[in-house]
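Every chain is numbered from 1 and lettered A, B, ... according to where its sequence line falls, protein lines coming before strand lines.
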Amino acid sequence: AEVSCTFATDFEPSLYTVKAVLILDNDGNRLLSKYYDTELYPSIKEQKNFEKSVFNKSHKADNEIAFLEGLTIVYKSSVDLFFYVVGSAQENELMLMMVLNCLFDTLSQILRKNVEKRYLLDNLDGVYLVVDEIIDGGIILESDPQQVIQKVNYRVDENPLSEQSVAQVLQSAKEQIKWSILK
Amino acid sequence: MTRLFQSNDQTLRRMCYLTIKEMANISEDVIIVTSSLTKDMTGKEDVYRGPAIRALCRITDTTMLQAIERYMKQAIVDKVPSVSSSALVSSLHMVRMSYDVVKRWVNEAQEAASSDNIMVQYHALGLLYHLRKNDRLAVSKMLNKFTKSGLKSPFAYCMLIRIASRLLEETEGGHDSPLFDFIESCLRNKHEMVVYEAASAIVHMPNCTARELAPAVSVLQLFCSSPKAALRYAAVRTLNKVAMKHPSAVTACNLDLENLITDSNRSIATLAITTLLKTGSESSVDRLMKQISSFVSEISDEFKVVVVQAISALCQKYPRKHSVMMNFLSNMLRDDGGFEYKRAIVDCIISIIEENPESKETGLAHLCEFIEDCEHTVLATKILHLLGREGPRTPSPSKYIRFIFNRVVLESEAVRAAAVSALAKFGAQNDDLLPSVLVLMQRCMMDSDDEVRDRATFYMNVLQQKQKALNAAYIFNGLSVSVPGLEKSLHQYTLEPSEKPFDMKTVPLATTTVSEQKTELAPVASSKLPEKLAPSRQDIYQEQLAAIPEFQGLGPLFKSSEPVQLTEAETEYVVRCIKHTFASHMVFQFDCTNTLNDQLLQKVVVQMEPSEAYEIVQYVPAASLPYSQPGSCYSLVRLPEDDPTAVSCTFSCTMKYLVRDCDPNTGEPDDDGYDDEYVLEDLEVTVADHIQKVLKPNFAAAWEEVGDEFEKEETFALASVRTLEEAVNNIVSFLGMQPCERSDKVPENKNSHILFLAGVFRGGHDVLVRSRLALADGVTMQVTVRSGEETAVDVILASVG
C-alpha cells in the first residue's frame, strides 16, 4: 500500500516540514539522500542535478544557509562531508536548523567525533537509523540528540572488517557462527 | 525476510524495518511480514515498538488497518514517548488513505496531547488539526484550549501559531481577537524559533497596521545582529517582505541593514540591499548606489538580477535621480555578466527612458555604447529597434546613424537586418537625413544575407517615393494583423481564385499584448519549461466557432471580448458571457456551470431580449450540463442594418433549460424532467465591442495616412468629470481604443492635454481619434475623428455624445 506525504500548499499549517536530507562528500557525490517530498524531484536524474547545484553553491563558502530553486537549504560541513536539510521557501529556517544540528550532533557522538567520510561509510547502517529516528516521512520525529542516540542504540564497529587481515576475519566469523548455533 | 526477524541483533532488526519501509512501494508481498511486525509492535522491547509501528503503517492498507486498530489506539496513548510519537506520526501518514478509520482515534490523540514530552505534544497537535481542519469551530475550540493550557513544546507553539494565523485569515478576524493576542504573546517566548515564527506570522497577515507590525519588526531587528547566520538570514528575508507593503515600518532598521551589506553570506547581503532599496529615501540613493557597486561584482547572476529589479523599482519611485542610476546601470552593463543579467539592465534603462523624457539622450547614448560590443543578438536587435523608434525624434539624430550603420557592417545577420530597419525610420522621419540614408541603404543592398538585402531594397523603394502616407504604413506602423490569421486568410484566398485583389481588412487583428506587471521581486525558481509560442486567445476562439456548423459563413472573427459575469458568485448556476464580433453579426458565447450536484440540465439556451434593433437569428443550445462540468451555448444575433450607428444595446437574458433531478451520490438522473428558467443579469453591448485596439507607434504618421476625407469634429462638455485624468480614463475605457504616444498619462498640474487613440472598426477600417481636453470649470473635450469609412466616424461621435 502506498503512503504519500502530503506536502500541502503554501501556508497551510502542517507537520510536513522537511523536504529532503542529504549527505555529500567533498566532491559533491551523494553518500546518503532521502527525499520526503516525492513530487519535488521525482527522478534520480533530477535529484542528482539538484545535488550538484546545491553543492556548487555551498562548498565554497561555509555559510550555513542558502536559497536555491525555490527552496531554503541549511547546511554544515565537517572535514570532508557536507550535511544538508532542505525545506520550502516559506519554512521556518530555525526549525530546519534544529533538525540539522540534531543530525550533526548525534552523528558526532556516535562516530566518536570523527565525522568524516570513511568512518561514516563504515557505519552507514547506523547513519540510516539516525536519520530515520529524526525525520519520518518529512515530519520531525525527534530533535534532541540524546534521545536519538538512546533510541538508535548503535555501537560503532570497533574493528571494522576492512582493517583486519583475512585470517582475523575468518576467525571472528567462526566465532560468531559457533555462538549462534549454541544459542 | 521473515528469517531475519529471528535474529536478536538490534541493529539488524532495525535495519529490517527500514528495508520494509523502502520496499513498501515496490513489493506486493510485504504482508508476510505483517504478523512479525505486529508481534514486535506489541512486544516487550520498547526499542522495537516505535520503529515497528512506523514500518507496519507504511505497508498497511485500509482492511489491514482495521485489524490493527486496537493496537494503534493503545500505542497512541502509550506512556513511552517514542511509541506514542511513532503511532501519532504514522496515523497522520495514513489520514490520506483511510480518513474515516483514523478519525475514530481522535480521543486517543486528544489524550496524547496532554503528554509532557515535547515531541508527543507536537505530533498530537498536528494529527488533531489534520483531522479537524474542515471544521472551523472545532479548530477554534482546540486552539482556545491549547493556548491557555501552556504547552512546553516549541514545535507545538510554532504549529499553534500557524493554525491561529490560518484561522484569522479564513475568518477575516480582526486584529483584536484573542488569536492575534496569542501570536503577539509568542514574540516574548523564550525559544528563538517560536519568536521568529510569531514575527513571521504577523508580517504575513494581510491588513496589518504599522502599530501592529512594530513589535514584530523590532524583534527582527534584534535578530539582524545575531551571530547565527540562519537567524540573520531569516530576519532579513522577512524584513524584505515587510518592506514591500510597509516601507516606513522598516526604516527604523536601516542602520542594521546597512551593516549586513558586508555580511559574509552573500544571500544575506543581497537581501539587505534590496530591502534598503525599497525603504531608502531619495537622499540615500547616492550612498546606496555606491555601496551596491562595490558589492555587485561578487554576487551570483541570480542575485544580480534581483538587485537590478529592485533598482528598477527605485527608479520609478524617484524619477529625479535618473542620472545617478543611469550612470550606475551603464557601469554594470560594462562589467561581465550573463544574458539574464544584461537583459535586466537593458530593460531597466529602457523603462527609465520611456518614463522620463529628460533621460532619453543619456540613456540612448549608453545603449549605443553597449551594442558596440554586445554578444547577445536579442539585446542588440531590441536596442536597435528602440533607436529606430526614439532616435529620429531627438534634437540631433544624425549621431545615432553612425552607430547603427556600424552594426550593419560588423555584426551578424539578425542584427544587420534590425539595423537596416532602424536606418529606414531615420530616413522616413528626417528629410535632411534622407539623402545620406538612401546612400547607406544602397550599400546594404549588396549584403551577403538575403533578409538584409530584401529589407534594404524594400525600404529604398518606399523612401524614394517620398510620400508620407507610404512611410507611415510601411515603415513606422508595422503589421497590425495576427500572423496566424493572415496565413489562414491568404491560404483561403489562394483556394478561391477571384478577380478582386486580396483585402487586408478581412484578416483578424492581432490583439494588443498587455504588458505584465512584475510585483513580487523575491528570487523565484527559474522556470524549467521553454517558452512556447502559444496561439493567441483570438485564434483559439476562431477555431472553436468555425467548428460549429451554424456559424459557417459569418466571415472572420473580428474581436472577442473579455468574459462578463452574468451571475453573482456562489449562485446555483454560474454563467459568463463572451461577445464575439463578426462583420455583420455577433455571437454570444455563454459558458455555464451547474453547481448543484442533484440536478442535470439539458437543452440549455440563453434567451435574449434586445432593447434596440438587433435581430436574434438563432440559438445553439448546450446539450447537457452535468454537475460542475462547464458547457457552452451560443446565440447568433444580426447587427442592425438600417441604422449603422446604433451599436449599443442592452439585452435582458434568461437561461432556459430542462431539469432532471438526479441522485447526488451516483449522478443517475430521473427519467423525466421539467422545464425551468433562471434569470441572469442584463448584458450590455457597447461601442467598445465593435472596435479592436491597435497600437500605432507613430500616431502623426498614421493620422496623415488615413487622410481627412471623412474627418469630423465635435466639442463636448463633460459636466460630471472633475479632473483630466478621470476624463482620459473614462474615454479610453468607454471607446475601447488604444492610447498612443503614451498620451494616456496626463502630466501633473496641467490644464490641457491631448489624447491620441487608435483602433480598427468592425469591417477593418482604421479609426483614429484626437481629443483635445481642457480643464476649466469641468472638462471640455474637442474630439476629432478620422477614418477610412464614414460609418466608423459617425459611430464614435454618436456614442460619445
Side-chain angles (χ1 to χ4, degrees), chain A residues 1-6 8 11-17 34 38 46 56-57 61-72 74 89-90 92-98 100-101 123 125-126 128-129 131-133 135-144 147 150-155 180 183, chain B residues 8 10-11 14-15 17-18 21 24-25 47 50-51 54 57-62 64 82 85-86 89-90 92-94 96-97 118-119 122-123 126-127 129-130 133 155 158-159 162-163 165-166 192-193 196-197 200 204 228-231 233-234 237 264-267 300 522-526:
Chain A
E2 278 210 24
V3 173
S4 52
C5 314
T6 47
F11 303 134
E12 158 112 356
S14 158
L15 292 192
Y16 294 95
T17 48
K34 293 223 43 105
T38 46
E46 288 171 326
N56 281 338
K57 191 136 191 212
D62 189 17
N63 272 324
E64 277 197 24
I65 185 162
F67 179 85
L68 185 68
E69 298 189 23
L71 301 164
T72 304
V74 296
Q90 287 84 15
N92 184 327
E93 293 88 343
L94 300 185
M95 211 183 261
L96 296 175
M97 281 305 291
M98 282 199 78
L100 179 69
N101 287 333
N123 298 292
D125 51 347
Y128 267 103
L129 290 179
V131 173
D132 182 64
E133 280 299 331
I135 308 162
D136 183 282
I139 301 182
I140 303 176
L141 198 54
E142 181 54 70
S143 63
D144 179 4
Q147 290 291 328
Q150 265 188 27
K151 288 186 212 177
V152 167
N153 202 5
Y154 180 79
R155 265 206 319 278
S180 68
K183 262 198 213 161
Chain B
N8 277 331
Q10 276 197 8
T11 310
R14 300 291 310 282
M15 291 306 287
Y17 298 146
L18 278 192
K21 286 208 281 195
N25 289 342
V47 145
R54 291 191 282 130
C57 292
R58 203 47 83 82
I59 61 174
T60 285
D61 64 21
T62 318
M64 265 204 280
S82 74
S85 274
S86 300
V89 166
S90 304
L92 190 51
H93 289 324
M94 294 191 293
R96 209 160 185 224
M97 176 182 76
I118 61 172
M119 294 317 287
Y122 175 56
H123 298 141
L127 181 63
Y129 175 70
H130 272 274
K133 67 181 176 190
F155 290 100
C158 288
M159 186 68 182
R162 291 182 197 187
I163 300 176
S165 36
R166 175 69 175 227
E192 277 172 341
M193 187 167 80
Y196 173 65
E197 184 79 43
S200 185
H204 281 109
K228 290 191 246 184
L231 216 46
Y233 176 85
R237 191 171 71 93
S264 57
N265 182 320
R266 281 292 153 232
S267 315
S300 70
V524 282
S526 51

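- Of the listed residues (A:Gly126, A:Ala89, A:Ala66), the one with the most heavy-atom contacts under 4.5 Å to chain B is A:Ala89.
- Interface remark: A:Leu15 contributes backbone and side-chain atoms alike to the contact with chain B (heavy atom separation under 4.5 Å).
- Rounding to the nearest 0.5 Å places CD of B:Glu192 at 10.5 Å from CG of A:Asn92.
- In this structure the side chain of A:Glu64 never reaches within 4.5 angstrom of the side chain of B:Tyr233, judged on heavy atoms.
- Annotation for B:Tyr122 and A:Ile140: closest pair CE2-O, 3.9 Å, computed over non-hydrogen atoms.
- With values rounded to the nearest 0.5 angstrom, A:Ile139 atom CD1 is found 8.5 Å from B:Ser90 atom OG.
- Note that CG of A:Leu141 is 5.5 Å distant from OG of B:Ser86, once rounded to the nearest 0.5 Å.
- Note: B:Lys133 NZ to A:Ser14 OG = 8.0 Å, rounded to the nearest 0.5 Å.
- With a threshold of 4.5 angstrom between heavy atoms, A:Leu96 does not approach chain B through any atom at all.
- Ring pair B:His130/A:Tyr16 is perpendicular by interplanar angle, where above 60° counts as perpendicular and below 30° as parallel.
- Of all heavy-atom pairs between A:Pro13 and B:Met159, the closest is C-CE, 3.9 Å.
- Looking at every heavy atom in both residues, A:Glu93 comes nearest to B:Ala234 through OE1-CB, 3.5 Å.
- Atoms CZ and OG1, on B:Arg237 and A:Thr72 in that order, are 5.0 Å from each other to the nearest 0.5 Å.
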Check against side-chain contact (heavy atoms from CB on, under 4.5 Å), A:Asp136 and B:His93: CA-CA 10 Å; A:Asp136 183 282; B:His93 289 324; 2.7 Å; yes
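- Rounding to the nearest 0.5 angstrom, the gap separating the CE atom in B:Met193 from the CE atom in A:Met95 is 4.5 Å.
- Closest approach of A:Ile65 to B:Asn265, counting heavy atoms only: O-ND2, 3.2 Å.
- Of the listed residues B:Ile118, B:Leu92, B:Leu127, the one with more heavy-atom pairs under 4.5 angstrom with chain A than any other is B:Leu92.
- The side-chain hydrogen bond (donor to acceptor under 3.5 Å, both in side chains) search around A:Asp144 returns none, not counting sequence neighbours.
- The heavy-atom pair separating A:Met97 from B:Ala230 by the smallest distance is CG-CB, 3.5 Å.
- Annotation: maximal heavy-atom pairing with chain A below 4.5 Å, among B:Ala229, B:Ser82, B:Gly126, occurs at B:Ala229.
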